Amino acid sequence: MLNYTNVITEEKSFSGLQMKEIRPVMKLIIRGKKREFLSAVGKSLNLLLPNEANTSSRSENLTAIWLSPDEWMIYSNVTIDSKNNDYETENLLNKSISKKNLGAVTDVTDQFVMINMKGDKIFDLFETGSPFNFNDFRNKKGSVTQTILAKIDVIIHNQNQNEVNLFVRRSFSQHLFSWMNDSASRL
Amino acid sequence: MKNKYSLFSLVKNAFSYHENWEKAWKDPEPKKEYDAIIIGGGGHGLATAYYLAKKHNMKNIAVVEKGWIGGGNTGRNTTIIRSNYLWDASAGLYDHALKIWEGLSQELNYNVMFSQRGVMNLAHNLQDVRDLKRRTHANRLNGIDAVYLNTQEVKKFCPIINTSPDIRYPVLGGTLQKRAGTARHDAVAWGYARGADEMGVDIIQNCEVKGIKRNGDTVEGIETTRGFIKTKKIGVVAAGHSSLIANMAGLRLPLESKPLQALVSEPVKPIIDTVVMSNAVHAYVSQSDKGELVIGAGTDDYVSYSQKGSHDIVEGTLNAILELYPIFSRMRMLRQWGGIVDICPDASPIISKTSIKGLYFNCGWGTGGFKATPGSGDLFAHTIANDEPHKLNAAFNINRFVSGDLVDEHGAAAVAH
Amino acid sequence: MFIINCPYCGEREQSEFKAGGEAHIIRPKQPTELSDDQWAEYLFMRKNIKGIQFERWVHTHGCRKWFNVVRDTSNDDIKAIYKMGEKPPII
Amino acid sequence: MVKNLRVKTSKFIDETYKISFKFNGTTYYGYKGDTLASALLANDIHLVGRSFKYHRPRGIMTAGSEEPNAIVQLHNNTSRTEPNVRATEVEIYEGLEASSQNCWPSVNFDIGGINNFLSPVLPAGFYYKTFMWPASFWEKYEYFIRKSAGLGKSPTKPDPDIYEHKYIHCDVLVVGAGISGIMAAKTAAKNGFKTLLVDEKSYLGGSTIYQNSELFKINNQVSSSWLEKEINEIKKFANLEIRTRTSVAAFHGYNFLLARENLTDHLPLDQRNNKTRQRLLKIRAKKVITATGSLERPLIFDNNDRPGILLSSAIEKYANFFGVACGQKNILFTNNDSAYETAISLFQKGIHIEAIIDNREDIDSKLIKETEKNNIKIYKGYTIINTTGYKRINKIIIMQLSKDGQKVVGSKKSITCDCLGVAGGWTPAVHLFTQSGGKLKFRDEDQVFIPNKYPSDQISIGSCNGDFTLNEILSSIPEILKDFLNIKKTDYDNLEVQSSFNKSKRNIWLLPSDKIIGKTKPFVDYQNDATAKDIKLALREGFRSIEHVKRYTTTGMGTDQGKLGNMHALGIISETAGSKMGELGTTTFRPPYTPLTFGTIVGRNVGEYFDIFRRTPIHDWHIKNNAEFENVGQWKRAWYYPKNGENMHEAVQRESKAARDSAGILDASTLGKIDIQGTDASEFLNRVYTNAWSKLSIGKCRYGLMLNEDGMVYDDGVTTRLDENHYIMTTTTGGAATVLGKLEDYLQTEWPELDVYLTSVTDHYATISVCGPNSKKIVSTVIPDLDFSDESFPHMSFKNAKIDKIKCRVMRISFTGEHSYEINVQANYGKSVWEKCIEVGKEFNITPYGTETMHLLRAEKGFIIVGQDTDATMTPIDLQMDWIVSKKKYDFIGKRSLYRSDTIKEDRKQLVGLLTENPDEVLEEGAQIVADVKKTPVEMLGHVTSSYYSPNLKKSIALGVIRGGKNMLGQKLIIPMENKQINVTVADPVFLDKENKRLNA
């Protein structure tokens, strides 16, 4: 049996801030421009893709976040079985999107590490390393942004008051997590 | 004949409370016509005029400057002078300049404070090492003094560099050119101006060029804010503004003008006695005679004539400085400024005739022009006077962008500044 | 440091973008038909304008989309922003 | 014995909290609330430092950040030392140690003082005129010049402190918390704007807060009491953030401002550990209100620089705020009313005033009357022509001014004193405004520059906008704010103001003297010792522009950036050159406003956070197995795995041999991977690669070469066709990001019609490459249910597979020339698969190898590495890879450039192999290659790009590029090293297995 080795093993907790990796979470990047693409995704997953910039949508099992006019990330709301990486959602989309040449579906489950952050210091932490203006973002449930944190590309998804999911590419994740811990230690 | 500068003249003038010093250069009205006009009163332009008068006996010439002489990149750069370039053409060009630097103060009777304190280029990864060794071998065979140093030798020559193997990009080695160093930027412009003025060159400040008058493909003169001036030869040395002048003559150049920033610290007692440049950990530093750390790095990636650059560049530069010199963390930035540098796709200059008769361009020096000032002026003067390039600047013609015969200096590791 | 209004993501700091040089230089459809001079024009020659310049930027650290910017290069004021393929505004 | 000049207690000083500190080794006492300057003055110490050029004794001149003279070294020779610190800005703390700078052996006796007597031969720019003989001597002169120059000493130990950044986005930023700033901040906050108020001082209220005179009232309260109430109110707003000890350093375009927030410098050293010392605030404000106040001007006369000479306003602040008398026999010298405010304050505090020298003739304002009531002697229409006292002023000499103010008349009179206050009028602090790109206009009536055109959504208010008197300020601000914030009313719409200030002023930039100027030393720039005569000399020598004069005389180039003297310099230039002040323009104020610590600018991006550190999924295994690492871009890649004390060479020899003899394994996870999908994917690849892709059948791999439009090799890698419209492209490690960017660029801007989507999956996969004769045995055991027969799984093909339930992709491709497989599995399983391979491979002595061995193996096979064997000047043809350049394809990126007059030349540098005459001699990478060493200058034909000792061929091999190399096979050439010449023969770059037997074995 293959062992599952994720990057961020420890859970960190500071006054007003907790951080941990949630895993395994299925993540897909889907790309498409045509209207048929949107409806096909909607039908096969019964999930309406957000077409407004910097927003997200959610079904019982899946969350879709806007990344660009023709790009979304879909991730599973709950963790999945680490013994198997054959995802039903991916197969569904392959049938309804790829096979029909409506767009592209790419598995990025391990491309991104998803760090869940909780607490009222989240945005104080971000402000020590991100040029993004979080003034409105922080009060808008479901808002999404792609920006820079400590010179590293991140995707931040606002879950609700004082909780966000942060996505970072795997090879950067240890460096970023270490940086976040350092900064959090002085908040 | 101007009275000679010397310790003696200083003492002599002290008795008259320095009230009898004469003008370093006149402030003449433009004549109706000149045999040649240099557009741009920076170091390169003034040097060009100086050598036209001195070596090619063209005395009826003028330098027109839209602001004040030496007010552009000459007075804004970090004054690094070296000639350890990779390609033969570049090595030839820059070492020609370096040789003139070595006797320039005496030639001009103006102390340009050329300080041969050496320039080190550091290697931080294996490809750096290969590239720097390649360059050192080339330099040696081109008769340019350059040696490759291992990490210990780097540390020995400049003890304050952090050569610990534990830093993010450890210093793996470096090159040293001992004849290289720095000079006093203002003095170069002022010294050439004084010298040119003495030979009868008109230095006309606050005179902006508004147009280039041509008859077919031959130049006839320039329209300026101080009227039309007739001439048969125009040498353009306008650095960041070269494309504007070219446009007046209906030419396009392979140039982009970008912001380049530099900064100095507050003055402190001597702490670093050489010039250190690093490509991978991108910054370079030296210490002025006044005691300020003089620091610079790369350009922004967009075209701008605002003489302002983005803070990210400054932050990144100091970031690199502190990585290599942690002891400077508590030093303070005193001044920061920006210049406009005209960059060629191959990071090499253009010293060339053009398709228009009597119109010559000297531009594209990017971030590295200051070091070439005397050589550039000399070779450009030759090109203008003889209407053909000197063999040392033949490779730097505009046509290379058509043929593809580029002198690609950023393909080679040498930081092009 | 500019603030650039990405036509897709909205106002962001310059740090999130990269500049892509002069806009509306269309890659020749038939390069092989061009003379060396014509090809050099496309490859290297630039207007390098002081004043109103039309240029390309990409939101590298955001949506990764390219778009056009109209900027006064003499003071860096951004006058307009429009998507790729859209008609340049009259300024 | 030390006098105590502490007078009537001040509420800003906590006299119950005594603090001891050292200055030049002696211990003194001060109180909480003191600055180093106020504490020194309380101990009757004025002499603090020596000037830059003449080493003249200098004292405390101001009470703020504009201080030119009183700059000291803190905690000399410790890791927290700091040079050039202004005594007027340092808040004292227990254990503070400060020492004078730029003097030896001591500030009291400074050898350098001799320069003062040499000064006649050291006029402005003297160094341009001498030190030129003999030519070779400059370095020696320079050594001494450098020694005597500089001020403090650089730290020599690493900095123990932590610095941080903070981004702040607000609606309104108010810079300066004087009376104007407080009014602005309250108004903005009250109207719902998210407001940030910053001030460089540790307290709010600026200079009004210690203004206790009954002569200045607002709504019938003394101005300071009125302001106190306002301050208490603004602290209540939730949407108003107040940051003190926060100095705005730079005001950039788009209302981007940088500010330094000082958090620990006022604390005893032992309380600073693990705290953030300073924070760089990166502020984006929709609107900026600048309320930075104004700076008092000195007066320019002979010997106006002696210790004991201060700005009149500074003397007032030391008395009112710090409760300190700067002297016991004080004289004030003024050209306007503000000196009388000082006089009255001093009088109230019982500090003796000897006299007031006023260059104005007939004057009488309420203030002056009030002063005369206290029978203080006023010399009207007089000027100071000289002062005496080497280390502390002890006498002034005055004379009457002529009506036109051009010369002095009458007889000299001298008055003894121990302190002189100068009041030359006020200069609005427009530095930030001009930094932001604002243009100034000159106001003739009182000779000041004030803001004219605003380049962004900002406004200047109060005295930095030229409104100096209380009535002007209070009457102008409400209107300005209403307009700027677009609101109906403010709390200040009808304030009742009572102010006794009379604006009359007699501005004389350079006061006349009885001596010719050559014999005087009227300092304009105190720190750099630039005098009025230096300025006149510069003009005499033909320097016209203000920038020229500034640079020639170094006026305004000190650490105070000429905050005191720049205006006088301008004035003297315009008077001498006969030009109008407004037309001269100012010198540009460059950021930062006050010097900014490097560490603060850099923040946390030091040490391990200097740059990003990327790890592969197998990184930990490499560490456990003692790998040495190589930096490749931001990645750490295993370089080689030394075993029991091997050096790199030995390790690499062992690894290389094992890989060819049996089996080797490489972590290739860092290679860029781009997922390409869409109906036009094949066409897209046709356009970006030099070779053709349409006919590549599904399940097959192909090597591709990518060019720049200029025809030069840009990147390479293997791309696999996974499906009809689905490819996976691999790029070089360093090229991954730029290649994706470049492809997106073409896709979005040149070929938007193509139906293609690009997605990076570099981090999604771990890539494990197993090579060698036994690779098949190993991989087929790790992946049992896959047909590895050459028929179904030949070289350059791909298969989907599963390990347990985990999907993965297996490519049979090779960068070593050996039979080899590349397993791409989801990153989180990568380490496990790697370990499986190692385990299964044990019986075949499977050997992990790093990048160095990889480079050696590929070199044996003549495979290039982009960036090592190419340098942005090599075309595919130069690389002798003509076979990969499609002749049939109509176009691809860079194709046209391959047919330019130079790129088609036969004698370009071309890639060849090199064999040394002595097979054990390994060439140095980068070494140059020549045919004839006697020729001068030596003609370099090319250089060595890659070089190794091949354990498999048992000889040294190298790749190089040589002009015309492809027609030189077998030719003998020379590698000239410093100490020897190495003979080489040009060879085929493929040294091993040209027939590719091993690949298919």
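Note on naming: letters A, B, ... go to the chains in the order of the sequence lines (proteins, then strands), and numbering restarts at 1 for each one. Computed from a predicted model, the values in this text were never measured in an experiment.
With a threshold of 4.5 angstrom between heavy atoms, C:E13 approaches chain A through side-chain atoms but not through N, CA, C or O.
The two residues C:T60 and A:D153 make their nearest non-hydrogen contact at O-OD2, 4.3 Å. Between C:Y8 and A:A53, the shortest heavy-atom distance links the atoms O-CB, 3.1 Å.
With respect to chain A, the highest number of heavy-atom pairs below 4.5 Å among C:H59, C:M1, C:E16 belongs to C:E16. When the candidates C:R12, C:E11, C:K65 are compared by the number of heavy-atom contacts under 4.5 Å with chain A, C:R12 comes out ahead.
Under a cut-off of 6.0 angstrom, the local environment of NZ in C:K18 is sparse, with at most 12 non-hydrogen atoms contributed by other residues, nucleotides or ligands. Few gaps surround CD on C:E33; more than 12 heavy atoms of other groups in view lie less than 6.0 Å from it. The number of heavy-atom neighbours closer than 6.0 Å to CG of A:L48, taken from other residues, nucleotides and ligands shown, is 12 or below.
Evaluation of the salt bridge (charged side-chain N to carboxylate O under 4.0 Å, His left out) rule for A:R23 yields no partner, not counting sequence neighbours.
Residues A:L67 and C:R64 form no side-chain contact, since every pair of their non-hydrogen atoms from C-beta on lies 4.5 Å or further apart.
The stretch residues 128-146 of chain A places A:P131, A:F132, A:T145, A:Q146 near chain C, each with some heavy atom under 4.5 Å from a heavy atom of that chain.
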